[in-house]
Amino acid sequence: MDYQFAAIEKKWQQFWADHQTFKALDETTKPKYYVLDMFPYPSGAGLHVGHPLGYIASDIFARYKRLKGFNVLHPMGYDSFGLPAEQYAIQTGQHPAITTEENIATYRRQLDQIGFSFDWSREVRTSAPDYYKWTQWIFMQLFNSWYNKAADKAEPISKLVEHFEKNGSSGVDSVCDDEVLSFTAEEWKAMGYESKQTELLKYRLTYLRESTVNWCPALGTVLANDEVKDGFSERGGYPVEQKKMMQWSMRITAYADRLLTGLDTIDWPEPLKEMQRNWIGKSVGALVKFRISSPTQPSPVGRALEMGEGEVKVSPTGGDLVGAIEVFTTRADTIFGTSFLVIAPEHDLVKPLTTPAQKAEIEAYITQTKKKSELERMADAKTVSGAFTGSYAINPVNGEKVQVWIADYVLAGYGTGAVMAVPSGDQRDYLFAKQYNLPIVPIIDIQNIETEADPTKEGRYINSGFINGLTYKEATATVIAKLEELGVGKAKINYRMRDAIFGRQRYWGEPVPVYFKDGLPHLIEEKDLPLILPEVDKYLPTESGEPPLGRAEGWSYKPSGPAPSKSPPVGETLKPNPNAHLTGNYRETADPAYYEQLKDYSIANRQNPTEAENVLWQLLRNDQTGYKVRRQHAIDQFIADFVFLQKGLIIELDGHHHKLNKEADDARTEVLNYFGFTVMRFTNGEVLKNSTRVVEQIKETLNSLNDRDITKFSGTAITSEAKVSPTGGDLEGAGEGFQYELSTMPGWAGSSWYWYRYMDANNDSEFASKQAVEYWKDVDLYIGGSEHATGHLLYSRFWNKFMKDVNLVIEEEPFKKLINQGHIQGRSNFVYRLIDDLGKGTNTFVSHGLVKQYQTSPIHVNVNIVENDILDTAKFKAWRPEFENAEFILENGKYICGVEVEKMSKRYYNVVNPDDIVKRYGADTLRMYEMFLGPLEQSKPWNTNGIEGVFKFLRKFWKLFHDDAWNFSVSADEPTKAELKSLHKIIRKVEEDIDRFSFNTSVSSFMIAVNELTEVKCNKKSILQDLVVVLSPYAPHICEELWVLLGNAAGTLSYAPYPKFNAAYLVEDEFAYPISINGKTKMNLNISLSLEPKDIEAFVLASADVQKYLDHKVPKKVIVVKGRIVNIVL
RNA sequence: GCUCAGAUGGUGGAACUGGUAGACACGCAGGACUUAAAAUCCUGUUCCCGUAAACGGAGUGCGGGUUCGAUUCCCGCUCUGAGUACCA
């Protein structure tokens, strides 16, 4: 029978599915091989021909490895949480789970018909509760861990607590951006529960913190840095703005160095490694403190000092040196060339540094920069602008007084947000100095700074004090040593990478397994996993701006098991949920029992004061302010740290976690204000560093306040008059459970560990069994797109390293070998509509070759009605009603379409669906053609134009096994030498090509082999059977069919041994040596390969043809490379 | 701007360590079969000169270099694609 691909393919796909042919073994003596594809997001559009490219390559590889005797794990699944399904849900009200389910069904159908050898018994879906249970579980492990810099690995947080209890904070190397507290073991033990937890949150690998985030108002969510491109969201292209929000973050920066060095151990494409290196952005340099010299403005600077803001440090001596600006530089050697300092407009010190004279100018500049969009800022990159603060700073190495400016070319988010400007060496500083007439001092003898900065590191230093005459290397070391000696600087490694924001204010994602109690995040119990995504009425934020999960009714955490102990944890105070956001929704407490409980808490608090509380208590007690003060006093539903009841003044000591709970604190202040209280807040640091000033401020405030009018707020009147809505709150014992975290996890959460789930996909007691992890270890070959370089691939490496640290997995790197398949671009076709005299489009279309003779406008035409760029005019007329009566101006009787390479997209009518290709040519042709298109890693436009060649090849291959009447017919005769040679050439070629992932050249070689065998009319079973095995990874269906026709058992081909290459069949006794004269090939001569170079030379020179060229001249030189070439130099 | 990748016929591409440039395929042209078309098969197909053909010259983005010999190695430049961008 002729090659009936449709029937053959259907039959074998069914067979493989029924027999689970590709199920990976869990127990075997075979070596393992793990071939993985990046799993797809199941979008509504289904697959186009570009998607399977990588899957086909990996499938060929997986099938090849099976033939080579490996136990191959080749799984597939779906990254099924994500924005598009949710956007669709918002528009249609359709639950994302339903659309996701439908899309997955489409994907599965499309994948199945291409004949992949996936082990579907291990399928994963990130949106399935039995999967995201483990995503949540890993989140919990991260929460329960911290990064021990000394050991350079993550450890359980309990070990940190142990350390604190024994040694206090000394000896702990922090990896936190925030300032951590210093304390002794005793002080730690004396800390309240809340303070302890707040402090620990600064160490946990996933943590809650107020951070500047990329907020996308259109999507209603925050985005990670890698999801933002040029100030717009990667998905949808909506504008993104910076905003401060309380957010979950992942402390990926703790792993910055390991992520960087690990790159050297893995076989990945160099560009991709480079992208990760840039993203991590390690720069080695120094921190330098420039003391501020400004007698004109002591008070604002002084205030900033006490607030512990920025980098201002208290000057022990006082005087006019009231603080310092800390800068980061990679060129400490150029410090003598510093002619001014520049700080970012958003820098904390801008306000205190601005003198009254400069105030207007600075404010105007800040307003101007704020108005500039991200794009405008980038467009302005070549110009510089700024404003002088009026303050000066002192260069620590030479005591020189330099101006402090603000400018938007200095970024608040990088380094310290401040730079020392060295115009002679830095082009931006140079431009700035020129523009504002600031000094430019050359500091290296060979420097040429006539027209631009010269960042040279060659030459010797001049104008540079104690480093004059030194080289770059010497100077850098000397300067840093000197700075350290002076206590004003130190060597510092800076990373560009920031911690990854982990929360999304969206519905369709993994719920974070956290609830809030007393304003602090707590993990739910492990036995309560998975925390199921609740149902909501709408997939939109709530009216009060909370994420969609805020709509879930009755969704709160009620710890099961034994009720929590009645006596509250020591030192615990009640604080609002930080997630309650600004509005301050506090329930009125009419419950006397609850008030009693509060009083118990108060007593406990009083017995366990913090150090700062104690200090302040000593200063305020016994009416030292003239008013009676109470501490840890229950007011309504709060416990105030200190309260002057008569004046209605509440003093709150917040420690450094103040920032953490800022929104909640603000909310509480609002409510207390409503009840007639004034609230003052101080940090523990302020009290400890300058208690006198704190007390003075309290006294001032007390004196400025009238007595509190308690009659206005008494009894039930409070409750009934309360304007605040009783929605939020997290009050213990309220009987409603605790508020869950309302954000969900970002898209990359589920994909950061999925390759481990495939190892043991159906395990419901572990993410994967230890046994499975130890057997499969890591991914041997990973194929996917380079667009995941700084997202998925970085986060996965991070989670993997963490999981290794806590002994969940055994490999440091998850993906040993990675290949980026190129993108398949669209190839658009155009027709050219004639434009009439009035400039209007007519119904006449001009063939591409003739467009220059007419006035036309191009129109995209559906590529599926075009073949080899020739338009099917009948189909064109039927394509759209408006073209029904179209007329054509043809060339050579054909309408030729124009061509352009664009993104494959519906709107360009250039989408080619693999279904259509499979229907017309079959899966085997599609598979081979996609490989034949070119090197896997190269991006290329899809062009169906050459697919006939591959189809013809498969028919020709099929024909080898059949006689002219299409009857199956092979002979048992001994193969000839030529046949064996053809076979063994392809056996070796496929092995070599697959080792370097050169699939396209293998397809060519198959064609050569089949052409050669057809030429000699080979139908020898021994040859053809081996050929079937070698071709089977590429064209599995046709090969399975022929394998069985050859008399083998069905289903055994996938595990048949790969034919053994025998070099003996390729040995030649003669070689047609190319003979070149002066490097130009003139002829070929057949010479025995047994001849040695000397004899070859004699033979060649004696040849009559060669003599003709020599023309009686004596060659200057004859080069003979055995088996390669002969070159005669005249 | 910086970093990386790349540039070979009409098209996709091959040439793996410096050794016959253009494999394999598409397209195109001519031919066979056929009443005809489709399908199939055969021949030719880098360019230029010339032409039945032999033969000659040029040729892997451009300009140099190293070498007996360079698509391959080195230097400079142009262009294309990707990433990144006031990163101090």
Side-chain angles (χ1 to χ4, degrees), chain A residues 2 229-230 269-279 281-283 285 327-331 334 342 344 377-378 380-384 407-411 413-422 425-429 431-432 455 494-496 786-787 789-790 820 822-823 825 868-870 899 901 929 932-935 937-950 952-953 955-956 959 989 992-993 995-996 998 1000-1008 1011 1072-1084 1115-1121 1123-1130:
Chain A
D2 198 353
K229 294 256 145 47
D230 301 335
E270 200 47 50
L272 199 122
K273 288 191 189 182
E274 198 58 30
M275 271 192 247
Q276 291 210 344
R277 285 192 194 104
N278 289 339
W279 187 262
K282 180 176 182 172
S283 37
V327 304
F328 175 73
T329 177
T330 53
R331 291 294 301 272
T334 64
V342 190
R377 238 174 116 143
M378 278 191 286
D380 286 352
K382 293 221 166 57
T383 63
V384 285
D408 64 1
Y409 79 85
V410 173
L411 306 175
Y414 183 75
T416 60
V419 302
M420 55 181 222
V422 184
D426 183 287
Q427 186 56 23
R428 292 155 304 170
D429 297 344
L431 286 173
F432 200 83
N494 207 28
Y495 295 95
R496 194 175 79 98
S786 60
E787 67 273 19
T790 51
N820 290 131
H823 278 266
Q825 295 148 302
N868 288 328
D869 299 331
I870 298 164
V899 175
V901 173
Y929 184 60
F932 188 61
L933 271 177
E937 304 199 52
Q938 193 172 304
S939 288
K940 55 232 161 194
W942 175 268
N943 187 348
T944 312
N945 291 353
I947 195 164
E948 294 279 349
V950 173
K952 274 192 234 168
F953 155 76
R955 283 190 54 156
K956 223 167 158 179
K959 187 77 182 61
K989 178 72 172 156
E992 283 173 357
D993 283 351
D995 280 344
R996 54 197 180 100
S998 177
N1000 56 326
T1001 50
S1002 280
V1003 177
S1004 296
S1005 303
F1006 281 123
M1007 290 174 172
I1008 294 170
N1011 286 347
Y1073 278 89
I1075 312 300
S1076 52
I1077 315 279
N1078 290 335
K1080 282 275 162 200
T1081 308
K1082 297 294 179 187
M1083 72 192 94
N1084 285 32
K1116 281 190 195 131
K1117 202 171 173 186
V1118 178
I1119 288 109
V1120 177
V1121 184
R1124 287 270 190 197
I1125 201 167
V1126 178
N1127 191 14
I1128 300 166
V1129 187
L1130 285 180

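In the text below, chain A, chain B and the rest are named by the order of the sequence lines, each starting its count at 1. Because the structure is predicted, anything quoted here is derived from the model rather than measured. Scope of the values below: all heavy atoms of this structure, side chains included, with no hydrogens, waters or symmetry mates.
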* Side chain of A:Ile1119 only, please: which of B:U20, B:C87, B:G19 is the nearest? => B:G19

* Between B:A53 and B:U71 - C1' atom distance, rounded Å -> 31 Å

* To do: Identify which nucleotide among B:C68, B:A21, B:C86 has an atom closest to any side-chain atom of A:Asn1127, counting heavy atoms from C-beta outward.
  => B:C68

* According to the Watson-Crick and G-U wobble definitions, with both distances under 3.5 Å, which nucleotide is paired to B:U60? -> none

* **A:Ser998 versus A:Thr1001, side-chain donor and acceptor atoms under 3.5 Å** => yes

* Touch class at under 4.0 angstrom, heavy-atom based, for A:Asn1084 against every strand present -> base

* Same-atom distance (C1') from B:C62 to B:C79, integer angstrom -> 10 Å

* To do: Give a yes or no on whether the ring-centroid distance for A:Tyr495 and A:Trp279 is below 6.0 angstrom.
  => no

* How does protein contact run along nucleotides 2-14 of chain B, one letter per nucleotide 5' to 3', with B for base contact, S for sugar-phosphate only, - for none, heavy atoms under 4.0 Å? -> -SS-------BSS

* Pick one for B:G31: is it syn, with its angle within 90° of 0, or anti? -> anti

* Classify the angle between the aromatic ring planes of A:Tyr414 and A:Phe328 as parallel (below 30°), tilted (30 to 60°) or perpendicular (above 60°). => perpendicular

* Examine the side chains of A:Ser1002 and A:Asp993 and answer whether a donor and an acceptor come within less than 3.5 Å of each other. => yes

* Structure fact -> Across every strand shown, the nucleotide meeting Watson-Crick or G-U wobble geometry with B:A29 (both distances under 3.5 Å) is B:U43

* Asked: Among all residues two or more places apart in sequence or in another chain, which pass the salt bridge (Lys or Arg N to Asp or Glu O under 4.0 Å) test with A:Asp426?
  -> A:Arg428

* To do: Hunt down the Watson-Crick or G-U wobble partner of B:U35, both distances under 3.5 Å, from any strand shown, or write none.
  => none

* Asked: If you check the A:Asn1011 side chain, which of B:G69, B:U20, B:C24 turns out closest?
  -> B:C24

* Asked: Salt-bridged, A:Arg277 to A:Glu270, with N to O below 4.0 Å?
  -> yes

* **Rounded C1' spacing from B:A23 to B:U60 in Å** => 15 Å

* Searching all strands shown, indicate the nucleotide that pairs with B:A52 (Watson-Crick or G-U wobble; both distances under 3.5 Å). => none

* Nucleotide nearest A:Met1007 (side chain, heavy atoms from C-beta), chosen from B:C16, B:C24, B:C86 -> B:C24

* Once you round it to whole Å, what is the distance between P of B:C24 and OH of A:Tyr929? -> 18 Å

* To do: Rounded to the nearest angstrom, tell me the gap between atom CZ in A:Arg955 and atom P in B:A25.
  => 16 Å

* Asked: For the pair made of CD1 in A:Ile870 and P in B:C26, what is the distance, rounded to whole Å?
  -> 15 Å

* To do: Between B:C41, B:A88, B:C16, spot the one nearest the side chain of A:Lys952, thanks.
  => B:C41

* Asked: B:A58 and B:G50: how far apart are their C1' atoms, nearest whole angstrom?
  -> 15 Å

* Donor on one side chain, acceptor on other, A:Asn1127 and A:Ser1076, under 3.5 Å -> yes

* Asked: Say you pick atom P in B:C42 and the same atom in B:G6; how far apart are they, in whole Å?
  -> 37 Å

* B:U78 versus B:G30 - spacing of their C1' atoms, nearest Å -> 41 Å

* To do: Nearest whole angstrom, please: distance from the P of B:G18 to the CD1 of A:Ile1125.
  => 15 Å

* Find the distance A:Gln427:CD to B:A85:C1' and express it as a whole number of Å. => 16 Å

* Whole-Å gap separating C1' (B:G1) and OH (A:Tyr409) -> 17 Å

* Who pairs with B:C73 - Watson-Crick or G-U, where each distance is under 3.5 Å -> B:G65

* If you check every side-chain atom of A:Val1121, which of B:G57, B:G19, B:C26 has the closest atom? -> B:G19

* Structure fact -> By nearest-heavy-atom nucleotide on RNA chain B, the more 5' of A:Ala418 and A:Pro1074 is A:Pro1074

* Between atom CG in A:Asp408 and atom P in B:A85, what is the gap in whole Å? -> 16 Å

* To do: With P as the reference atom in both, quote the distance from B:G22 to B:G9 in angstrom, rounded to an integer.
  => 14 Å

* To do: Identify the heavy atoms of A:Gly415 and A:Asn494 that sit nearest to each other, and give their distance.
  => CA-ND2, 3.2 Å

* Write down the atom of A:Val419, the atom of A:Val327, and the distance for their closest heavy-atom approach. => C-CG1, 3.7 Å

* Determine the interatomic distance between P on B:G56 and the same-named atom on B:U8; round to the nearest Å. => 29 Å

* To do: Give none if B:A82 has no partner; otherwise give the nucleotide forming a Watson-Crick or G-U wobble pair with it, both distances under 3.5 Å.
  => B:U3

* Asked: Hey, are A:Lys989 and A:Glu992 close enough for a salt bridge, meaning a charged N less than 4.0 Å from a carboxylate O?
  -> no

* For A:Arg1124 and B:C16, give me the distance from atom CZ to atom C1', rounded to whole Å. => 10 Å

